[in-house]
Amino acid sequence: MSELKVAVIGGGIAGLSAAYFLAKSGAEVEVFEQRYLLYGASGRNSGGLTVQFNDEELIKLALRSLDLYDELQSEVKFNFLLRKDGYLKIANKNDEAKLESEASLLKKFGVKIEILNQNEVKELVPDINTKAFDLAYYFSKGGTVFPWPVIWGLARGCKALGVKVYDYTPATVVVENGSVKGVQTLDGLHKADFVINAAGAWSNEVSKSAGVELDNKIFKENICVTESLRPYLDPYIFDVSNNAYLSQSMRGEIVGGVVGREIDQIDKKGELDPLIRYAKFATNLIPKLKGLSVLRQWVGVYDLGKNGKPVIGFTKVKGFVQLNGFGRHGMSLGLAAGEKVAEMVLKK
Amino acid sequence: MVKTEMGRLQEHPILEFKRGKEVTIYFNGKPIKAFEGETVAAALYAAGVRVFSRSFKWHRPRGFFCAIGKCSACMMEVDGIPNVRTCKVYVRDGMQVKTQSGMPEAENDVLSILDDVMDTVFPHGSHYLKFTTSKNARRFIVNQLRKFTGFGYPPKAVYQGKAGYEEIETEVLVIGGGPGGMSAAINAAKYGAKVLILDENPFLGGQLVKQTHRFFGSAKERAGTRGIKIAEILEGELRSFKNVDVRLETRAFGIYNGEVGAHQKGEVDKLLRIKAKKIIVATGAYERTLVFENNDLPGVYGAGGVQTLMNVYGIKPGNRGLIVGSGNVGLILTYQLMQAGVEVAAIVEALPTIGGYFVHAAKVSRLGVPIYTRHTILKALGKKCVEGAIIAKLDERWNPIPGTEKKFDCDFICVAVGLSPAHELLYQAGCEMKFIPELGGLVPLRTKYNETTVPGLYTAGDVDGIEEATAAIMEGRICGIHAAISLGYGGKEAEKELEEAVKELDEFRAGPFGQKVVVGIKKCLVEGVKV
Ligand SMILES: Cc1cc2nc3c(=O)[nH]c(=O)nc-3n(C[C@H](O)[C@H](O)[C@H](O)COP(=O)(O)OP(=O)(O)OC[C@H]3O[C@@H](n4cnc5c(N)ncnc54)[C@H](O)[C@@H]3O)c2cc1C
Ligand SMILES: Cc1cc2nc3c(=O)[nH]c(=O)nc-3n(C[C@H](O)[C@H](O)[C@H](O)COP(=O)(O)OP(=O)(O)OC[C@H]3O[C@@H](n4cnc5c(N)ncnc54)[C@H](O)[C@@H]3O)c2cc1C
Ligand code: FES
């Protein structure tokens, strides 16, 4: 077993999770990150964790991920600052069918989604404007996680298992006679039996270097934090109809944004329109947030599989594995997806 | 010598303080007298309040520091709204002001004990590493940690300010109304360009308004005139143009692809979306500080904070100060303090020689203030605010020499060790930046007309390298004219003036004090596109 060599391209949650589980089973793993850990979406997201999806596969990954969050923190001895204080999806009537089908699908998995009335929501979030939505679907075991310690902790766990994590090392895939030979970096060829493409928004390019077509959609999302307040807001709130969200970070800032839009080319420049839309959304939902200052705004990019689902599995090039396309839900899905890919590779 | 009443200067040899109506504000429930036109922080300071907040983690005392809304040390809850920078809001009769960090309040904070124990129990970063193995322990720790987060309490009332929105189109947008920005606006406007100029302060003039001394600099650029006077002259000229729109209390917060976002305060809190063909960033600089023990104690200031307090609000910073840094700013500040009847214990300078001009140094010596060259400050003394300071001599390798320590009694320390460019907007706009020590920090690459690598985006003044008001005015002139020309204004005449202006600035910098700047600028000069 110890001869199995794996190269992982991308030091986000997906890549590091795969690396961790592979190394745990004895594989020799190298992780290549083009810039620094946290450069990708995994360092720029809002950390909302839920299982409220309309797809069995996603639900399975999300449920497993929630367990893994607990297990991994103990294993790598690192506190991810995870708060399971609930995930609240709100919406107007038009989206009732969508939320209903999610809830009934989840019932099959034994997961209870509470449908709250306005008063119950008010108990959960006292200052919420109950006129801002019609429906509220609450998953009490969801919550928020601070993404940075997740990445730091995973990297730490990886290194303890002997994984080499290279930062500032962009990599491309080297293929010979229909199977991977390894990855190419500026300092030369790193041989590998398997190459895992966990390059997030850059996955299409990485895939291209392996000669495998991947047509993930790329999204750009603006997000911001306000100045910090005492603990105030427990659940993560996602507005399905307005495509916007907010929560309170472990530092007390109100973190939020509007869901990203599709772009052709990756750029990470902040934009004014989403900021304005978000401010309107946030102050309408919780009017007492009016008057708070925004401290920072930034942009993250992520990729979504072209059929709206992550791309996980083998390709026509032997040894080249996809682990990407998580859309806005990589934090909820990434840990379990990494574990799954590790299992697939180990079985081969 | 100078009369003070309620902590406020009454007579001043140069300045005249017009105070508004007397009002009462409430600080943690206690009534405090104040005058209209004063900021809340200034009024509290005059009333003897020194601890304004507590730090986030260790609950160390924080006091009035920058006086210009940049450091967050003065944040309090004002009329139910949390995290208000009290140095930026003006007093109003009946205003309720509360400290928000600290239990029960910032002044007497029982949690300040954390400062003494935290480091041993929880060394930096260890909250990620402790109590991690059991799920319940983790949950407990996260909940406890969470309790300590946040500054202000969540708002108790919905903010009543009216929100507004305005879209503006202009040819030239100038961000910052100091000498650099005003000069840029004047010179673009005089050739006919439509100009909008913003400043986050309620007044124009930037750093100049604090300067009560006669100016150094070249005759042509008004040497010998006091800084505040120069600000008035520039403002008068600026306001004489019909094609200039001046917006005060308006802060630009971002440059988004040619469009600028700004927030204008007032009756209506407005979001401005400004589309400008040319943007000139003249945001000035921040004060630097030094690393020494207790440098965060209330009573340790930058020169600007002390100047604002004293020269803008007429409030005495303390009774006896220690000045760190003998550049012009440190020297000038010293005699400004003495003018206001404040004692100066000493000036400390790390270099072997005095940094500022001879005239200023001579004046200070005549007043009997000792200057300790080759000395540095080791620590500030005091628990809740400065009660003294310890300085020591430095050896050739800049290490303090044991046994040379001297103790001074003083109730404030003023660090005047220079400025760093306020470059954030340039960086955010995507300008190529370079760290250039001779210019004071991170500055943009630019052409000789001060255009950055983002086409149509210019800079003027301290933001592209720390110099002086004279240079800021000259740079403003250059980029103002260049912007006008590239918009099609001014013709031959403007082109001629532009070349003259470039030459004059070169000549100004050719003097002995410009040498460092010339070296610095060489490192960031790029070829531009010819207009
Ligand atoms: C603003 C925002 C908010 C979000 N909120 C949530 C949320 O609340 N809940 C949730 O579940 N998800 C959220 N997401 C989505 C989540 O962040 C992503 O799905 C997840 O981080 C994707 O992880 P990843 O490992 O696939 O990709 P990334 O974290 O992007 O990692 C990919 C890494 O690969 C590197 N890379 C790329 N090309 C190369 C190369 N050639 N060589 C070497 N390295 C390379 C990149 O630099 C990058 O670091 C949000 C995303 C954003 C942007
Ligand atoms: C004590 C002291 C003494 C001095 N003495 C002299 C002297 O004798 N002779 C001399 O030539 N020079 C002197 N100087 C230096 C001189 O004052 C500065 O070099 C000069 O003021 C720089 O001008 P500026 O326009 O670049 O910046 P500033 O004067 O700093 O003005 C910048 C302006 O931009 C505004 N601003 C910043 N960010 C924003 C934003 N995002 N939105 C809107 N507005 C913004 C600020 O509020 C400020 O008003 C002295 C300085 C000090 C501190
Ligand atoms: S922000 Fe008010 S003193 Fe610095």
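First the proteins, then the strands, lettered A, B, ... as listed; each starts at 1.
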Legend entry - A:Lys141/A:Asp85 ion pair, N-O < 4.0 Å: no
Legend entry - Aromatic centroids of A:Phe80 and A:Trp148 separated by under 6.0 Å: no
Legend entry - Pair A:Lys24 + A:Glu75: basic N to acidic O under 4.0 Å: yes
Inset, instruction - For each of A:Pro149, A:Ser249, A:Gly252, tally heavy-atom pairs with chain B at distances under 4.5 Å, and name the one with the top tally. - result: A:Pro149
Legend entry - A:Phe139 ring center near A:Tyr87 ring center (under 6.0 Å): no
Inset, instruction - Identify which part of A:Lys269 has an atom lying under 4.5 Å from any heavy atom of chain B, answering side chain, backbone, both or neither. - result: side chain
Legend entry - A:Glu339 bridged to A:Arg64 by N-O distance under 4.0 Å: yes
Legend entry - chain B contact via A:Ile286 - side chain, backbone, both or neither, heavy atoms under 4.5 Å: neither
Legend entry - Note, B:Arg251 side chain near B:Gln264 side chain (heavy atom, < 4.5 Å): no
Inset, instruction - Among the options B:Gln428, B:Gln100, B:Met75, B:Lys135, pick out the one with the most heavy-atom pairs lying under 4.5 Å from chain A. - result: B:Lys135
Inset, instruction - Examine whether an atom of A:Gln297 lies under 4.5 Å from a heavy atom of chain B, and if so say whether it belongs to the side chain, the backbone or both; otherwise answer neither. - result: side chain
Legend entry - Atom group of B:Leu129 that falls short of 4.5 Å from chain A, counting heavy atoms: both
Legend entry - chain A contacts, top residue of B:Thr133, B:Asn83, B:Asn143, B:Ile81 (heavy-atom pairs, under 4.5 Å): B:Asn83
Inset, instruction - Please determine if B:Asp269 and B:Lys162 form a salt bridge, counting it only when a charged side-chain N lies under 4.0 Å from a carboxylate O. - result: no
Inset, instruction - Could you look at B:Ala157 and say if it's the side chain, the backbone, both or neither that has a heavy atom under 4.5 Å from chain A? - result: backbone
Inset, instruction - Just give me the residue among A:Lys290, A:Glu71, A:Arg83 that pairs up with chain B most often, heavy atom to heavy atom, under 4.5 Å. - result: A:Arg83
Inset, instruction - Output yes when B:Arg247 and B:Asp199 qualify as a salt bridge under the 4.0 Å nitrogen-oxygen rule, no when they do not. - result: no
Legend entry - Option that, when pairs with chain B are counted at under 4.5 Å, heavy atom only, ranks first among A:Gly291, A:Ala279, A:Ser228: A:Ser228
Legend entry - Which atoms of B:Gln160 approach chain A - backbone, side chain, both or neither, heavy atom under 4.5 Å: neither
Legend entry - Best-contacting candidate, A:Val76, A:Asp127, A:Leu292, A:Leu233, against chain B by heavy atom pairs under 4.5 angstrom: A:Leu233
Legend entry - A:Leu275 versus chain B, the contacting section by heavy-atom distance below 4.5 Å: side chain
Inset, instruction - Answer yes when B:Lys270 and B:Glu166 have at least one side-chain N-carboxylate O distance shorter than 4.0 Å, and no when they do not. - result: yes
